[in-house]
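To keep things clear, I will list the structure first and then write my remarks on it.
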Amino acid sequence: MALMQIAEPGGFPSERRQQMRAVGIDLGTTNSLIAVVEDGAPKVLPDSNGAFLIPSVVHYEKDGDVLVGANAQSRVLTDPLNTLSSIKRLLGRGITDMPRLGNKLPYEVEVREGGMPTILTRYGPVSPVQVSSEILRCAVSAGKAYFGSEIDGAVITVPAYFDDSQRQATKDAATLAGIKVLRLLNEPTAAAIAYGLNESEEGIIAVYDLGGGTFDISILRLTKGVFEVLATGGNSALGGDDFDRVIADWLCEQTGIGPSIDPSTQRLVMTAARSAKEDLTLAECTSITTLGWRGVLSREHFYKMIDSLISETMRTCKRVMSDANVKSNQIREVVLVGGSSRIPLVREKVNDLFGCKARSELDPDQVVALGAAIQADNLAGNRQSEDMLLLDVLPLSLGIETMGGLTEKIIPRNTTIPVSKSQEFTTFKDGQTAMSIHIVQGERELVSDCRSLARFDLRDIPPMVAGSAKVLVTYEVDADGLLNVSAMEKTSQVVSRIEVKPSYGLDENEILRMLDDSIRYSKDDILIRNLREQQVEADRLIEDLTSALDRDSDMLTKNELLSLQQSIADLRIFRAECSDHNELSVRIGNVAKTSESFAERRMNKSIQLALAGQTLEALEKG
Ligand code: ADP
Ligand code: MG
């Protein structure tokens with residue numbers, strides 16, 4: 001237990017001086033916010049113009065100046081190519097995501113060497129990490145103004161579905177902005193903290209977050225003030241922007257503008273669409289004037305246009321509930337997060353699905369930043385109590401490749417993190433001195449159907465007989481969701497390790513596809529796994545018998561030797577051609593039986609040698 005700090009007589013109250021200057025930052029796709037805890041209560045800090053929401057927009061000026069936030073947003077219409085918004089969609093993404101994202105973005109994106117996207121501005125090429133760091137720097141300047149000094153550290157929130165490389169890119173952006181990251185925190189988890197749900201009784205909580213660019217749903221379980229994330233799901237390409245686009249498409253139709261419009265016109269229509277959408281949250285209909293066209297959009301019509309998008313979020317909620325193994329009537333509270341959760345249709349559908357009234361007293365734009373501030377305050381040790389522990393989960397299983405191209409799951413999906421798991425492996429061949437470790441992510445049985453994360457080799461294993469080396473492989477996922485893998489040969493203590501930072505991100509749709517596939521192909525997968533296992537078994541027997549014959553063929557008569565050699569050759573052919581694991585298993589059994597008396601004779605010989613004073617080790621060395 002820490003010593004209690006006592007105020008010096010006549011000095012400042014020690015509390016004020018001892019406090020760490022910790023902030024919470026919601027680095028949003030559309031808007032970013034910074035919050036602090038003051039006198040035990042969280043609050044969002046205003047920027048120099050008094051605004052709480054910092055639009056996540058960066059503008060590169062002719063003279064090399066960089067504008068961020070509202071100042072940058074005013075250039076969206078006049079200079080779209082040099083005004084970057086929704087950059088979070090590109091953060092930590094690679095070349096494979098570009099066709100999907102590229103055509104949605106109104107600025108020029110190029111893929112550079114290494115497969116990472118770069119945006120071409122008049123300032124020169126800039127990376128999503130650089131752009132995000134400008135936004136973070138802008139947020140932190142509000143923090144510096146508040147404290148009157150540098151800040152000590154920040155908790156930065158990320159969507160629950162951000163993968164390793166997206167989380168790493170967020171950290172890189174913070175480092176570039178000179179910010180010490182205390183913790184990356186999942187946005188939905190931050191929202192639950194903001195509502196202080198950890199202070200109430202036990203129960204299951206759902207957090208529904210519909211922002212500008214992303215959708216997230218998390219199911220949390222609260223037990224004596226401790227949150228555990230039972231399951232999470234979402235879609236990084238679904239949010240208010242899509243509602244804007246639906247209205248914008250409709251506007252283009254109405255005004256008779258073709259699909260290939262220039263970026264400025266595109267933005268103009270998008271801006272009109274967005275304000276119409278926000279009007280419809282309060283009004284039954286709204287009038288729109290754009291590009292010389294005047295018209296009216298009703299709420300009813302708008303709802304028709306976005307119904308399928310909202311239904312998609314409901315389907316994700318159902319899937320995540322089944323992942324978490326909870327029914328809607330078990331969910332005690334639902335929390336609404338994100339500007340788009342203000343849309344009455346969204347609230348209605350959420351209430352219907354979960355069968356209760358969702359919480360919305362706190363500003364849905366602010367909840368995430370408020371929760372991050374509380375968490376930052378906690379981690380900085382400013383709070384007296386240590387009553388809050390946060391646990392997040394892995395979206396996909398992490399596994400390792402084993403013989404036959406099979407996946408062995410080391411940490412199953414939806415395991416709470418941080419987590420560390422070890423498993424022991426052994427060598428396959430006599431005298432094997434290296435082992436290749438292949439780390440994969442996914443639910444399928446075959447490595448080729450999973451996502452490859454990294455490979456590395458464990459070398460300098462002392463030569464031993466097959467199966468006697470003990471290689472301990474440890475998977476460690478830290479609180480930020482980053483994976484560290486190490487492999488150690490136990491007798492020699494040789495260690496090799498790797499930190500996994502995949503070069504590009506994994507989209508939620510890909511995660512969904514991987515999950516769907518694992519269900520769809522589960523039967524086939526089991527059959528293939530069984531066959532591969534028998535093939536490995538056959539290989540092992542062939543290897544064993546061949547090396548035994550190399551050493552001890554003199555124990556056999558000429559006929560026995562020929563017949564054993566023949567059965568090995570037959571088994572090799574049968575193994576290559578057979579596609580039925582049962583038949584292969586029977587054949588392996590037969591060969592093993594044929595070689596039984598040979599094995600017995602070898603066993604007797606080794607016992608005799610042992611009795612004659614030879615060490616087992618010498619025997620093994622042959
Ligand atoms: P993000 O987390 O992606 O940064 P926010 O939570 O800040 O996003 O939400 C921004 C989105 O919320 C935008 O698409 C914006 O148009 C939408 N939004 C904000 N206010 C309203 C409103 N009153 N009605 C409907 N949508 C709204
Ligand atoms: Mg958000």
Side-chain angles (χ1 to χ4, degrees), residues 92 94 114-116 163-169 171-172 175 181 184 394-413 415-506 529 532-533 536 539-540 543 547 617 620-621:
M116 301 313 275
D163 69 7
D164 247 27
S165 74
Q166 291 166 299
R167 282 167 200 264
Q168 192 58 51
K171 279 189 155 179
D172 292 347
T175 309
V181 180
L184 296 180
L394 284 179
L396 289 171
S397 304
L398 292 170
I400 191 168
E401 174 168 355
T402 60
M403 292 300 297
L406 296 174
T407 357
E408 174 80 26
K409 283 177 190 148
I410 307 276
I411 309 181
R413 78 191 205 88
T415 299
T416 53
I417 57 170
V419 63
S420 169
K421 287 213 172 135
S422 297
Q423 204 158 312
E424 222 171 72
F425 294 90
T426 189
T427 45
F428 185 74
K429 287 195 168 180
D430 287 348
Q432 186 179 337
T433 57
M435 190 182 255
S436 165
I437 312 274
H438 183 196
I439 305 156
V440 296
Q441 188 178 36
E443 310 312 310
R444 303 284 302 276
E445 300 286 347
L446 291 189
V447 165
S448 52
D449 293 324
C450 290
R451 182 185 188 223
S452 169
L453 287 183
R455 290 170 192 273
F456 68 101
D457 289 336
L458 176 67
R459 301 191 172 279
D460 303 323
I461 300 174
M464 286 178 241
V465 264
S468 57
K470 288 192 166 49
V471 176
L472 191 70
V473 175
T474 304
Y475 277 41
E476 231 180 311
V477 182
D478 70 14
D480 298 325
L482 296 174
L483 172 66
N484 245 289
V485 176
S486 67
M488 182 184 71
E489 201 289 306
K490 282 168 116 181
T491 50
S492 60
Q493 304 269 309
V494 189
V495 182
S496 183
R497 62 175 69 245
I498 194 167
E499 191 185 8
V500 182
K501 288 183 202 164
S503 58
Y504 60 87
L506 193 62
R529 169 176 273 275
R532 290 282 175 99
E533 277 172 359
V536 171
D539 290 343
R540 200 190 319 271
E543 176 77 25
S547 85
E617 207 177 348
E620 279 174 353
K621 282 193 180 131

For the backbone of Phe428 and the side chain of Gln432, can you confirm whether one donor and one acceptor N or O come within less than 3.5 Å of each other? yes

For the side chain of Thr426 and the backbone of Gly467, is there at least one donor-acceptor N/O pair under 3.5 Å apart? yes

Working to the nearest 0.5 angstrom, can you tell me the gap between [X] [atom1] and [Y] [atom2]?
X      : Y      : atom1 : atom2 : value
Ser496 : Met435 : OG    : CE    : 12.0 Å
Glu401 : Ser436 : CD    : OG    : 7.0 Å
Thr175 : Gln168 : OG1   : CD    : 8.0 Å
Gln493 : Asp460 : CD    : CG    : 14.0 Å

To check you understand the geometry: which heavy-atom pair defines the closest contact between [X] and [Y], and what is its length?
X      : Y      : answer
Ala469 : Ile461 : CB-CG2, 4.2 Å
Asp430 : Ala466 : OD1-N, 2.6 Å
Ser165 : Gly92  : OG-O, 3.0 Å
Leu406 : Glu533 : CD1-CG, 3.8 Å
His438 : Ser452 : NE2-OG, 2.8 Å
Gly399 : Tyr475 : O-OH, 2.6 Å

Non-hydrogen side-chain atoms of [X] and [Y] separated by less than 4.5 Å:
X      : Y      : result
Ile437 : Ile400 : yes
Val440 : Leu453 : no
Arg540 : Val536 : yes
Met488 : Val471 : no
Leu184 : Lys171 : yes
Val494 : Leu458 : yes
Glu489 : Pro462 : yes

Thr407/Leu446 under side chain to side chain contact (heavy atoms under 4.5 Å, CB included): CA gap, chis, key distance, verdict: CA-CA 6 Å; Thr407 357; Leu446 291 189; 5.6 Å; no

Hey, which of Arg444, Gln441, Glu443, Arg413 is the one that makes side-chain hydrogen bond (donor to acceptor under 3.5 Å, both in side chains) with Ser397? Glu443

Is the number of heavy atoms from other residues, nucleotides or ligands under 6.0 Å of Lys470 NZ greater than 12? no

Side chain to side chain contact (heavy atoms under 4.5 Å, CB included) filter on Gln423, not counting sequence neighbours, yields Glu408, Ile410, Phe425

Could you name each residue pair satisfying salt bridge (Lys or Arg N to Asp or Glu O under 4.0 Å) that touches residues 418-429, not counting sequence neighbours? Glu424-Lys490

side-chain hydrogen bond (donor to acceptor under 3.5 Å, both in side chains) partners for Thr474, two or more places apart: Ser422

